[in-house]
Amino acid sequence: MALDNQKNREFKIVGTRPDRPDGLDKVTGRAKFGADAYATGMLHAAILRSPHAHAKIIRISTEKAEKLPGVKAIVTREDFSKKVTGENWNVLENVMAGDTALYDGHAIAAVAATSSLIARDALKLMEVEYEILPHVTDVDKAMGKSAPVIRAGASDKSVPEGLHPNVVRYHESGHGDLSAGFEAADLVIEDTFKTEATHQGYIEPHACLAQLGGDGKGELWCCTQGHFHVQKTCAALLDIETSALRVTASEIGGGFGGKTAIFIEPVALALSRKTNRPVKLVMNRSEVFRATGPTSSTSMDIKIGMKKDGTITAGSGVFRLQGGAFPGAPMEFTAMCAFAPYNLENVKQIGYDVLSNRPKQAAYRAPGSPMAAFAVESIIDELCNRLELDPIEVRLKNASREGTKASFGPKWDRIGLVECLEAAKQHPHYSAPLKKGQGRGVSSGFWFNHGGETAVTLALSEDGTAALSVGTPDIGGSRASMCQMAAEELGISYDKVRTTIADTATLGYNEVSHGSRVTYASGLATIKAARDAVKKLCARAAKKWNIDEEAVIWEDGFAKPSGPNAGDFEPIPLAKLTKSMGRTGGPIVGHFEATPEGAGVSFATHIVDAEVDQETGRAHVVRYTVVQDAGKAIHPSYVEGQYQGGAAQGIGWALNEEYIYGEDGRLQNTGFLDYRIPVASDLPMIDTVIIEVANPGHPYGVRGVGETSICPPLAAIANAVSNAAGVRLKELPMSPVRILEAIKNKT
Amino acid sequence: MEYHKPGSFEEATELANKNAGIIRFLAGGTDVLVQLRSDIITPDVLIDMKYINGVKDIIENDDEWQIGVAVSGAEMSEHEKLAQEWPGIIEAMDLIGSTQVQGRATLAGNLCNGSPAADSVPSLIAAAAQVSITGPKGVRKINVEDVPIGPGKTSLKKGEVLSAIHLPKRTNNQGDAYLRFIPRTEMDIAVVGCAVSLEIKNEIIIKARVSLGAVAPTALLLENAAEKIIGSKLENKALEHLAEEASKACNPINDKRGTIEFRTHVAGVLAKRTAKIAYDRARENK
Ligand SMILES: Cc1cc2nc3c(=O)[nH]c(=O)nc-3n(C[C@H](O)[C@H](O)[C@H](O)COP(=O)(O)OP(=O)(O)OC[C@H]3O[C@@H](n4cnc5c(N)ncnc54)[C@H](O)[C@@H]3O)c2cc1C
């Protein structure tokens with residue numbers, strides 16, 4: 001599954017920018033999203049949620065609600081499997097509370113009724129008796145001595161003795177001799193940074209339509225980044241067989257990692273099983289904020305030493321992440337990404353996964369990495385300022401390259417960090433003059449990327465067109481890229497390929513669309529499946545010509561004899577071979593199933609100019625440039641879209657987005673009014689530069705691009721804002737209140 | 001829930017007076033419907049004001065403008081003469097929501113919803129606007145600053161409805177302006193709002209009204225602050241005194257949108273910036 005050795009291959013379709021195949025459906029409203037499904041006899045469901053951050057559930061009285069005309073069934077934890085263990089148990093505990101409400105918004109019970117208004121009214125008739133327990137939502141406080149224990153015995157073996165039981169996992173990595181490294185430095189800076197939790201903010205709330213019969217067979221339609229994962233998890237939570245549940249992924253209105261988790265589907269299935277009717281469940285925005293996964297919030301201590309010439313002598317970081325009332329905060333990613341752009345002799349990172357009374361964190365583009373970059377790159381910027389060094393030169397001097405040892409252990413394969421930094425340095429943005437009141441910031445960022453279980457099928461039709469089935473929901477235009485890769489291999493035009501996100505009954509298991517894996521893994525599988533089909537096409541031609549299969553080659557959509565020795569035959573086009581395929585051996589279908597492991601890592605460097613109103617503390621990003629290694633851009637517009645999207649979400653995260661908890665532990669901003677994602681007028685045009693350093697693990701050299709783009713923004717924006725404000729900002733978001741306070745405290 | 005479509009203010013008054021429970025009047029519905037959908041307030045009786053004669057009219061009389069209680073923000077912005085005379089009120093109204101919200105939101109609704117952060121209210125107070133109130137005992141006229149009495153509360157009594165908004169006619173040498181502070185560029189709620197309306201003679205300010213929003217339980221009319229700029233040409237010293245008075249008048253809360261300290265400080269900053277715009281407008285408005 002390595003990079004093709006096809007010297008001087010000229011791509012015909014890959015690298016062009018055709019219209020996306022789902023575009024027309026989306027702009028005409030024909031595309032069906034999660035809430036667009038209806039079934040005859042369908043009921044509507046609603047979920048009762050805890051108003052408390054932490055409380056024992058003493059009693060749930062449903063009698064009054066059950067008597068409301070139109071109410072058909074109510075489910076509680078009793079209606080789910082008692083056998084689940086491990087992470088499935090955590091998912092179930094989050095989907096429907098057991099004996100304790102663990103956060104504001106935790107699901108307690110659910111109702112199905114003949115209308116959604118009746119279902120909502122029924123919630124008001126349910127009475128829950130709670131015994132309120134002490135709560136904690138701040139990561140540092142949750143580790144403190146007096147913090148309430150959220151779940152006793154939840155810690156795994158990695159946790160050293162003597163830590164609070166809320167610390168459930170521990171990570172340590174690095175190499176070298178820190179004290180010698182700091183000793184060798186001319187300047188050492190040490191500081192603490194904090195970031196608040198942010199939500200992925202996808203525009204489409206979670207929605208599903210479920211049917212589950214008494215025979216244990218079911219159908220589920222839902223908006224998800226991974227329907228095979230939904231199938232497997234729901235089957236476990238409802239104690240049915242995996243293959244008995246067929247799951248179809250709807251079009252998806254954004255996910256960014258947040259729709260790799262499961263919240264409502266098992267509830268709808270349980271209600272359907274109880275009522276023997278289809279059940280539709282749609283979250284409202286407030287439920288999305290309160291009960292689906294935001295990121296972790298963090299608290300981080302960083303120490304870095306530098307010589308006068310810019311050489312980094314040592315770096316260390318302690319990363320404390322709370323991920324809600326469940327284990328799984330991605331602290332090891334935070335730790336491992338923190339110093340990844342730097343070739344360090346002495347480096348150490350420690351991570352803590354901490355429980356708190358907040359919703360279970362979920363993935364959000366490069367989970368854990370953006371916060372690490374914020375902390376580390378802020379200190380690098382400060383060191384550059386104080387030593388009067390150019391921030392890009394310093395990053396180049398210390399850059400990770402092929403063959404150097406990564407901060408978390410392995411040796412780097414071919415990577416494109418230096419190319420990104422060089423391109424950033426040469427970009428006109430980097431030398432453009434700044435206006436008064438403006439500051440510039442740069443940052444690098446890193447993400448691993450991922451391969452994962454993948455299966456695709458490519459069926460040729462009689463008329464010479466191709467139907468490609470993939471199992472990875474399209475969250476960023478991937479159907480266009482798949483069509484391009486299949487068309488490139490088959491030698492037919494882009495619009496002759498249709499890519500479908502197939503349901504769970506059609507393909508082998510596909511891991512969720514995460515880890516920036518889709519264009520890499522499903523793309524690789526598509527290329528291989530197309531080559532499998534091509535092999536079969538060549539065999540048909542060989543049979544016709546009565547020569548060896550090996551003597552037939554495939555070129556530009558034609559089967560041809562491989563050379564003069566093979567014989568002199570008229571090349572046969574694909575459509576001619578498929579037209580007769582019923583008579584020459586039956587349908588021609590290409591397959592590929594594997595777990596590819598060569599996902600190339602990806603680095604990026606961002607340049608940001610920001611302006612700060614010194615009187616009000618309001619910051620505004622005025623210019624933004626993203627430079628990132630894509631390995632090979634299959635569809636450059638969608639690569640650029642990912643770059644711009646990462647920057648846009650980063651601007652929100654850096655400046656205004658945050659989970660705000662009251663003293664009572666309840667979330668105070670459960671809507672887009674006070675959870676401030678950027679509006680269009682908050683953003684500058686975001687310039688993009690695509691670097692292509694081929695990934696050795698993909699036939700065309702593709703690296704995932706969806707996640708790396710959100711790694712540098714927090715840091716690059718913080719550096720720009722700090723340089724504009726004349727004071728270092730150490731806490732996100734850099735809201736006007738925080739910036740003004742920092743400016744006032746400067747002197 | 002009952003829904004009524006009265007044809008006159010008298011009928012609306014009667015409906016509001018005789019019905020018990022939670023009563024809401026429906027103008028643009030951009031507050032009422034949002035509150036209903038998010039389970040904040042579920043009214044028992046909805047009285048739609050949009051079918052009363054004249055509620056969609058903007059009337060120019062010799063001595064005043066009369067704005068109907070169902071006139072939307074978009075209709076105000078598109079009224080050239082009104083927009084020219086009261087740019088501050090128009091810019092305040094224009095800040096409310098998005099294009100879609102603008103098509104429905106009204107001055108009356110903004111005022112009667114009782115939010116301390118309502119954008120149009122400081123601009124109306126600075127303009128010395130008044131409102132007509134129709135009730136069981138007939139019609140009375142009061143100043144805008146006397147309508148809100150606390151968050152979500154107005155001085156309107158049972159059975160009373162707002163029946164018109166009155167703006168003075170503009171003479172030369174006058175100007176008004178409204179600025180609000182929000183963390184984003186749009187679609188947000190004022191953390192601080194400030195309106196200034198003033199009149200000059202030979203470049204010297206002879207009359208001024210200053211109003212602040214979102215820094216106290218109701219929008220404030222700052223007479224002391226206004227005095228600091230009356231008699232000045234808005235020199236730096238006058239501006240500093242204005243800022244000081246504006247900050248001093250604040251009685252804000254700490255909440256998710258801003259701290260007491262922040263609001264108090266920014267009120268002063270905005271007062272200066274708003275006064276400058278109003279002053280420049282007055283100078284141009286010869
Ligand atoms: C997306 C969005 C953004 C918004 N942005 C802003 C903003 O930036 N700034 C801002 O200030 N507001 C904002 N709002 C709030 C709202 O749009 C405004 O307050 C608007 O002016 C309300 O007017 P309306 O006609 O829609 O009022 P309605 O919702 O119809 O009524 C509001 C209140 O006024 C009462 N009422 C209406 N008419 C009368 C009457 N004649 N007599 C007595 N009482 C009456 C009603 O009973 C109700 O309590 C926003 C709302 C939304 C949905």
Side-chain angles (χ1 to χ4, degrees), chain A residues 46 49 51 116-117 120-121 123-124 196 284-287 289 611 613-622 651-652 654-663 666-684 733-745, chain B residues 1 30-31 34-40 42 94-101 115 117 119 179-194 214-215 236 239-240 243 246-247 252-274 276:
Chain A
R49 299 185 178 279
S116 55
L117 275 180
R120 279 172 58 178
D121 282 345
L123 296 186
K124 294 172 201 158
E196 205 12 284
N284 62 32
R285 182 60 61 183
S286 156
E287 292 182 284
F289 277 113
E611 204 164 74
D613 183 334
Q614 294 278 341
E615 285 185 317
T616 64
R618 194 169 169 282
H620 190 65
V621 174
V622 294
I651 289 173
L655 295 183
N656 283 308
E657 292 180 37
E658 65 179 313
Y659 264 49
I660 304 172
Y661 280 93
E663 289 283 302
R666 301 187 64 183
L667 185 61
Q668 297 197 335
N669 52 339
T670 67
F672 280 131
L673 183 57
D674 286 301
Y675 181 87
R676 297 188 176 82
I677 63 169
V679 297
S681 52
D682 290 328
L683 303 175
M734 294 176 285
S735 59
V737 173
R738 286 215 176 97
I739 295 178
L740 192 67
E741 205 176 79
I743 290 173
K744 280 187 164 175
N745 293 339
Chain B
M1 193 185 301
T30 60
D31 280 315
V34 172
Q35 288 159 4
L36 189 150
R37 291 268 180 264
S38 47
D39 278 334
I40 295 170
T42 311
D94 195 43
L95 284 174
I96 293 178
S98 57
T99 304
Q100 294 91 322
V101 172
S115 162
D119 280 307
L179 285 180
R180 71 172 180 185
F181 181 85
I182 54 171
R184 284 185 290 199
T185 46
E186 55 180 333
M187 295 304 288
D188 230 322
I189 291 200
V191 179
V192 182
C194 180
V215 293
N236 279 342
L239 282 170
E240 286 315 319
S247 292
I253 51 167
N254 272 328
D255 72 359
K256 59 193 170 193
R257 296 180 186 137
T259 58
I260 292 172
E261 212 190 346
F262 182 82
R263 285 189 156 111
T264 307
H265 171 84
V266 171
V269 175
L270 282 201
K272 288 192 285 187
R273 293 181 182 179
T274 317
K276 278 192 214 161

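Proteins come first, then strands; the chains are lettered A, B, ... in the order of their sequence lines, and each starts at number 1.
Proximity to chain B involves both the backbone and the side chain of Leu673(A), based on heavy atoms less than 4.5 angstrom apart. Heavy atoms closer than 4.5 Å to chain B are found in the side chain of Asp613(A), but not in its backbone. For Leu270(B), no part lies near chain A; criterion is any non-hydrogen pair under 4.5 Å.
Contact between Lys124(A) and Asp39(B) at its shortest, heavy atoms only, is NZ-OD1, 3.4 Å. Smallest separation of non-hydrogen atoms from Glu186(B) and Ser681(A): OE2-OG, 2.8 Å. Annotation for Arg184(B) and Ile677(A): closest pair NH1-O, 2.6 Å, computed over non-hydrogen atoms.
Annotation: the span from Asp188(B) atom CG to Asn656(A) atom CG amounts to 7.5 Å, rounded to 0.5 Å. One finds the NZ atom of Lys744(A) at 9.0 Å from the CZ atom of Phe262(B) (value rounded to the nearest 0.5 Å).
Residue His265(B) forms a side-chain contact (heavy atoms from CB on, under 4.5 Å) with just one option from Thr616(A), Val737(A), Leu740(A), and that option is Leu740(A).
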Start with the C-alpha gap between Arg257(B) and Arg676(A), add the side-chain angles, then the distance that decides, and say whether side chain to side chain contact (heavy atoms under 4.5 Å, CB included) holds. CA-CA 10 Å; Arg257(B) 296 180 186 137; Arg676(A) 297 188 176 82; 3.7 Å; yes
Derivation and outcome, side chain to side chain contact (heavy atoms under 4.5 Å, CB included), residues Thr185(B) and Arg618(A): CA-CA 10 Å; Thr185(B) 46; Arg618(A) 194 169 169 282; 3.4 Å; yes
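Between chain B and the options His620(A), Glu741(A), Arg120(A), heavy-atom pairs under 4.5 Å are most frequent for Arg120(A). For the set Asn669(A), Asp674(A), Val679(A), the count of heavy-atom pairs under 4.5 angstrom toward chain B peaks at Asp674(A). Contacts with chain A were tallied for Met187(B), Glu261(B), Arg273(B), Arg263(B); Arg273(B) has the most, counting heavy-atom pairs under 4.5 Å.
Remark: the backbone N or O of Gln668(A) is paired with a side-chain donor or acceptor of Lys256(B) at under 3.5 angstrom.
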